[in-house]
Amino acid sequence: MSGWNGPTRDTLFILNDLLNITEADLPGYDVLDEETVHALVEGMDRFCVDVLAPLNPISDAQGCTRHPDGSVSTPEGFKQAYDQLVEAGWTTLAAPEEYGGQGMPHVLGTVLEEYMNSACASFMMYPGIIGGATSTIISAGSQELKQAYAPRIISGEWLATMALTEGHAGTDLGLMRTKAEPQADGSYAISGEKIFISGGEHDLTENIVHLVLAKLPDAPAGSRGISLFLAPKILPDGSRNAITCASIEHKMGLNGSATCVMNFDGAKGWLLGKENGGLPAMFIMMNAARLAVGVQGLAHAEHSYQRAASYALERKQGRGMAARPDPAAAADSLLVHPDVRRMLMDARAFTEGFRALVLWTAMEIDRAHAGNADAEALVSFLTPVLKAYGSDRGFETAVEMQQVLGGHGYVKEWGMEQIVRDARIAMIYEGANGVQALDLAGRKTVKDGGGTARAFLDMVEKAANDAPDDIGQALIDALEDARHALDWLLENAGANPDNTGAASYAFMQMMGVVAIGWMWARMGRVVEGRDDEFAAAKRITARHYAQRCLPQTASLRRQIQAGAENLMALQPESFLRG
């Protein structure tokens, strides 16, 4: 049974036929033609299949090792693969030319993110932060810090971390205790403990640049008193900073990623942004990370789908209830069974639709960087949807694809249970999905008066009206549910703030279902009239999404309109048994 290959044909269809990236009038797009795009996507595929994919089972089996001196070893082959990644220039692909990058569009960098996450998610945890970290340094750092650190992280010579979380605080950053004391030379002495730090210590690069949240001595209480600092493992004079890895976590999955508890014992650091202005600077990095987690959900779903589809084609089990391919055979392929096909079609409809949504959003990020305010608003609105709905469905798809394999899906040698374990964290880190849903419903919708949400739904309606009937009408019906749900949310949030929280998760899911339906409407329009096998498969998958996925909005609308009263009725002590 085969493992994973880059979905290059589908990727190229989205880039060239759906998004028309070679015709876009945006910075960095002028160098693109179909031949260049094809060569880049094929190059990503070859690197990920040949270099990274073989490391995936090794990373899970070996994990990382912390040594008595606090150093950490990554799994066998990681260092060599990282050196090849750097040598090939992949870390520089979508980075700004001013700091040593190639200046390619973000949309192409997103393709590489998906492929690397599918091939070996643990490995991708190390270079995956490069874009977010360097964007933060470039945006918030002094000229000296930008020149000293951004080029060397972009080149891959150094790596970085986000040192945000503390054990007692979790998502509530206002509770953090890490302190930063001003020093006479303009630096700060940072002291505190951070947990869950991906790549906090490793053997891939000599230096690791930590972006650390901490509080100044007289900082205001809560999140208004947070500042962001840059604290490197190796200081500019070549000496070792007072930063150590106290331990590495023993986790459910992503074993090849060194998730560290990091101690800062008066470590030297420099301010990024303004004093007590850490949150705006941090959200540059966090929003990039949240979009990247959505891409991880896509990657886990795609990898698991490929394994399950291959298994279902080869596995002989049971006999078809209708006309059999070979009546004399003792058993038929699993693909004769409608319920197996249901699971595979659900996965196919999600992965292809969500890939289109992810790449469309990446292109909108390029528009936003070019100064398009409408694009920036849409990206902000969709970020929690991509993160939360993408990681939810990524995990759910991996579980369903495990189900296709039956008992073999539960056995390590087939590789499916690793994908399930690796995918689970995406629903938790970079802001748990319940928090993302509340951000969408509260800050991005209610506080906005529903303006961006309505603009988004108007865009979807336009595509629905232009789509083939077999998906267009289903999407229009889903939009009716979405508009009623939005109106209810806006009308009832003020009467009881808990209504927002009670509706938020279903609202996030509804926006995810509608957004993917929007992509299927657009793709259905693109392949209309084509008679090749690829186009026929697209039309079948679009109809599946219209018939089986879009109707979910009716149920989600009823959940949203149920309100908070019953959810909040049970007394706290009643949640305990006995």
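The figures that follow rest on heavy atoms only: side chains count, while hydrogens, waters and symmetry mates do not.
Judged purely by distance below 3.5 Å, without hydrogens or angles, the side chains of Tyr429 and Gln296 pair a donor atom with an acceptor atom.
When each of Arg348, Arg393, Arg355 is checked for a salt bridge (Lys or Arg N to Asp or Glu O under 4.0 Å) with Glu302, only Arg355 meets the rule. For the side-chain contact (heavy atoms from CB on, under 4.5 Å) criterion with Tyr389, the lone passing option out of Met508, Met510, Gln436 is Met508.
Between Tyr126 and Phe78, the ring planes are perpendicular. Angles over 60° get that label, and only those under 30° would be called parallel. Ring geometry for Phe456 versus Phe381: interplanar angle of 30 to 60°, hence tilted.
Side-chain atoms of Tyr115 never come within 3.5 Å of backbone atoms of Thr110 as a donor-acceptor pair (strictly under, hydrogens ignored).
Under the 4.5 Å side-chain criterion, counting only non-hydrogen atoms from C-beta, His300 is not in contact with Thr397.
The line from CG of Asp60 to CG of Leu254 is 9.0 Å long, rounded to the nearest 0.5 Å.
A salt bridge links Asp439 with Arg443; the closest basic N to acidic carboxylate O contact falls under 4.0 Å. Taking a cutoff of 4.0 Å between a charged side-chain nitrogen and a carboxylate oxygen, Asp10 and Lys538 qualify as a salt bridge. A salt bridge between Asp531 and Arg539 is absent, with no side-chain N of the basic residue lying under 4.0 Å from a carboxylate O of the acidic one. The pair Glu528-Arg525 meets the salt-bridge criterion, since a charged nitrogen lies less than 4.0 angstrom from a carboxylate oxygen.
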